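In this text, all values refer to a predicted model and were calculated from it rather than measured experimentally. In the text below, chain A, chain B and the rest are named by the order of the sequence lines, each starting its count at 1.
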Amino acid sequence: MADEEKNNQGGSEQQLEFSPEVMRSMQRHKEKQNERKAKRIAEQPPFLITSLMDAMTILLTFLLITLTADPLNIKQDSHLLLAKSTAVMTVEDAIPVTVRKSYISVDTEDVVKVECKMADGRICDPQIIERNTFCDQDPAECSPQELEILKSVNYYVDKSYKEEGDDRSLLIIPLFKKLDEKVRALKEENAALNREYKGKVNIICDRSIPYRLVAEIVNSAGQAELHDIRFAIIYTTAR
Amino acid sequence: MARRPSARSHGKEEVSTDINLIPIMGMICILIPLLIYAFKFYEIKTQPVTAPKMGLGKPALPGEEQKKPLNLTVIITDRGFSIKQEASVAGADADINIEKKTFKDKNGRPFVDYDFPALYSKLMEIKKKFKDETTINIGADMNIKWEVIARAIDASRIQLKKESYDDLDSYSRAEEDFDAEGKAKLLFPQVVFVVAD
């Protein structure tokens, strides 16, 4: 029985043994196969970027159009955070007045410095302004004591910039002068082009700015013959 | 000496006519992050306000009846809203006070806020009595933030589906009402800022 098994094993070993010619032929076949595979890999392009290029071009065009279509081009930060509203009036070309927590600017040029003071008379440092913006956005993240302190933060324009240095005045002289200059230039341009002067101004106002300062800016704009005042807001569906 | 056909076909070196897109691709890859950084993911709209006009109004023409204005004014204070109207036109309801109210947020936590639903409901009542009136004067205490004033203008600008709302949640989600032509029904769209002494 054991001899029989040995004979069987020996028989199977004999079946796997090939003659040297067959072995050489098999090796040649394998080499050819490898050569063909290497050739196929070499013929393939390394990386197809044409379709990726198309997608990138579409994205680039979309971003460029979106950026250039916005006449206000507002970039929000801790010094400028807009109020939210459901108003749907689109932004039109007008003189832009930006009211940040640090400066009032007309058409990117800083005109008046905005001061910041707390109830105890301390001047706000940049950290307080940043913290005020943070707590304004997410009050749950700030303690009630901190909220109470930040509630007293007041933004204002120094009386030296106002008419006759009177703190009660609603006319900010440098702002009025700058707007008046812009209005004159606009009127001349409209007269040359035979266009009607509409007296529009876009006010891009930070949401923490108090009514006193807003009223001063509106009054200064009104005095400079800008009666169609539009406040920039972030559109929201919830009131 | 004759060459084999296979050797002849491989004799010349092939010149690629494709444009090298890799430098352009590199430039685009730099431009896109820059533009995405400058891109804003919110929509900017505008809220119109009329600057108060100085001086006297136009004198009435002979024979023309001088109609008394309603002079509807909303004053925002730390305590809430105060609606004022010309007493001889509005009658007994000339002065209305709307105090701040305690609302509940999504998590059920109470918070105190201006009662914008009540302000809207009162303004709707006034609009029903004075349909032709379009002007509203808005004033505030000097320390009131612009965001509160913006919300008050929002409440007075347009008519909503219902005439009154009790809670902040249903008011904030309320849809605008439209007329037969599909235009939004206006409430008091002409906003004039006033400064109360």
Side-chain angles (χ1 to χ4, degrees), chain A residues 49-50 52-53 56-57 59-60 63-64 66-67 70 72-76 81-92 99 136 139-140 154 170 201-215 218-219 221-223 226-239, chain B residues 18 21-22 24-25 28-29 31-32 34-36 38-40 42-54 76 105 107 109 111 116-117 120 138-151 153-155 157-158 160 168-169 171-176 184 191 193-195 197:
Chain A
I49 60 165
T50 317
L52 191 63
M53 189 78 191
M56 292 284 204
T57 311
L59 189 61
L60 189 70
L63 288 170
L64 279 172
T66 318
L67 278 178
D70 179 13
L72 295 181
N73 201 10
I74 301 163
K75 190 91 189 136
Q76 292 198 97
L81 214 60
L82 296 187
K84 289 176 184 172
S85 169
T86 57
V88 287
M89 191 179 262
T90 49
V91 180
E92 283 181 35
V99 189
D136 207 23
N154 184 35
L170 289 172
V201 60
N202 284 327
I203 300 181
I204 305 142
C205 185
D206 181 87
R207 65 190 193 189
S208 300
I209 297 296
Y211 182 66
R212 169 90 211 178
L213 189 48
V214 175
V218 167
N219 183 54
Q223 297 279 322
L226 292 162
H227 295 291
D228 190 350
I229 298 165
R230 287 133 194 257
F231 280 90
I233 48 94
I234 293 179
Y235 175 72
T236 174
T237 50
R239 276 170 189 83
Chain B
D18 291 341
L21 292 171
I22 292 163
I24 304 166
M25 195 71 189
I28 288 176
C29 283
L31 267 174
I32 285 174
L34 276 175
L35 289 170
I36 287 175
F39 187 77
K40 48 189 182 301
Y42 44 81
E43 205 176 347
I44 303 282
K45 298 277 178 188
T46 54
Q47 210 169 39
V49 169
T50 311
K53 286 194 173 76
M54 301 291 169
I76 309 161
D105 66 8
N107 304 319
R109 280 180 300 191
F111 68 97
F116 290 103
Y120 166 76
I138 291 189
D141 278 356
M142 294 306 175
N143 60 332
I144 301 294
K145 288 179 178 179
W146 161 239
E147 66 177 329
V148 179
I149 301 157
R151 283 180 78 188
I153 296 172
D154 225 15
R157 195 177 48 85
I158 223 145
L160 304 175
L168 199 60
D169 190 44
Y171 165 75
S172 70
R173 284 187 287 110
E175 286 177 23
E176 291 172 3
V191 177
F193 276 166
V194 290
V195 177
D197 285 323

Item to check | Portion of B:I153 that has a non-hydrogen atom of chain A nearer than 4.5 angstrom | outcome: neither
Checklist entry - Heavy-atom distance under 4.5 Å to chain A: side chain of B:L35, backbone, both or neither? => result both
Checklist outcome for this item: Of A:A83, A:P210, A:A215, A:P139, the largest count of non-hydrogen pairs under 4.5 angstrom with chain B goes to A:P210
Checklist entry - Where does A:A221 contact chain B at under 4.5 Å (heavy atoms): side chain, backbone, both or neither? => result neither
Next on the checklist: With a 3.5 Å distance limit and no angle check, can you tell me whether A:R239 reaches the backbone of B:A174 through a side-chain donor-acceptor pair?
Outcome noted: yes
Next on the checklist: Heavy-atom cut-off 4.5 Å, strictly under: side chain, backbone, both or neither for A:E92 against chain B?
Outcome noted: neither
Checklist entry - Which bit of A:N202 is near chain B, if near means a heavy-atom gap under 4.5 Å: side chain, backbone, both or neither? => result side chain
Next on the checklist: To check you understand the geometry: which heavy-atom pair defines the closest contact between B:K45 and A:V88, and what is its length?
Outcome noted: CD-O, 3.6 Å
Item to check | chain B contact via A:L81 - side chain, backbone, both or neither, heavy atoms under 4.5 Å | outcome: neither
Checklist outcome for this item: Residues passing the ring-ring contact (aromatic ring centres under 6.0 Å, His included) test with B:Y171, sequence neighbours excluded, are none
Checklist entry - Roughly how far, to the nearest 0.5 Å, is the CG atom of B:L31 from the CG atom of A:L60? => result 5.5 Å
Checklist entry - In Å, rounded to the nearest 0.5 Å, how long is the span from OG1 of B:T50 to NE2 of A:H227? => result 10.0 Å
Checklist outcome for this item: On a heavy-atom basis, the closest approach of B:I44 and A:A232 is CG2-CB, 4.1 Å
Item to check | Portion of A:T86 that has a non-hydrogen atom of chain B nearer than 4.5 angstrom | outcome: both
Item to check | Structural part of B:I36 lying under 4.5 Å from a heavy atom of chain A | outcome: both
Item to check | Pick from A:T57, A:I209, A:I203, A:T236 with the largest number of heavy-atom pairs that fall under 4.5 Å of chain B | outcome: A:I209
Next on the checklist: Looking at A:M89, is its backbone amide N or carbonyl O close enough to the side chain of B:T46 to form a donor-acceptor pair, meaning the two atoms are under 3.5 Å apart?
Outcome noted: yes
Item to check | CG-OH distance between A:L82 and B:Y42, expressed to the nearest 0.5 angstrom | outcome: 6.5 Å
Next on the checklist: Looking at every heavy atom in both B:D141 and A:Y211, which two are closest together, and how far apart are they?
Outcome noted: O-CB, 3.6 Å
Item to check | Residues, nucleotides or ligands: over 12 heavy atoms within 6.0 Å of B:K145 NZ | outcome: yes
Checklist entry - Which bit of B:I138 is near chain A, if near means a heavy-atom gap under 4.5 Å: side chain, backbone, both or neither? => result backbone
Checklist entry - Which bit of A:V91 is near chain B, if near means a heavy-atom gap under 4.5 Å: side chain, backbone, both or neither? => result both
Checklist entry - Hey, which of A:L63, A:T237, A:I233 has the most heavy atom pairs under 4.5 Å with chain B? => result A:I233
Checklist entry - At a heavy-atom separation under 4.5 Å, does A:I204 approach chain B through its side chain, its backbone, both, or neither? => result neither
Item to check | Rounded distance (nearest 0.5 Å) linking atom CD of B:E147 with atom OG of A:S85 | outcome: 12.0 Å
Item to check | Spatial distance of atom CZ (A:R207) from atom CZ (B:R151) [nearest 0.5 Å] | outcome: 10.5 Å
Checklist entry - When heavy-atom pairs shorter than 4.5 Å are enumerated against chain A, which of B:E175, B:R109, B:R157, B:R173 gives the highest number? => result B:R157
Item to check | side chain to side chain contact (heavy atoms under 4.5 Å, CB included) between A:V214 and B:F193, worked out | outcome: CA-CA 9 Å; A:V214 175; B:F193 276 166; 3.7 Å; yes
Next on the checklist: Using the side-chain hydrogen bond (donor to acceptor under 3.5 Å, both in side chains) criterion, which residues pair with A:D228? Sequence neighbours excluded.
Outcome noted: A:R230
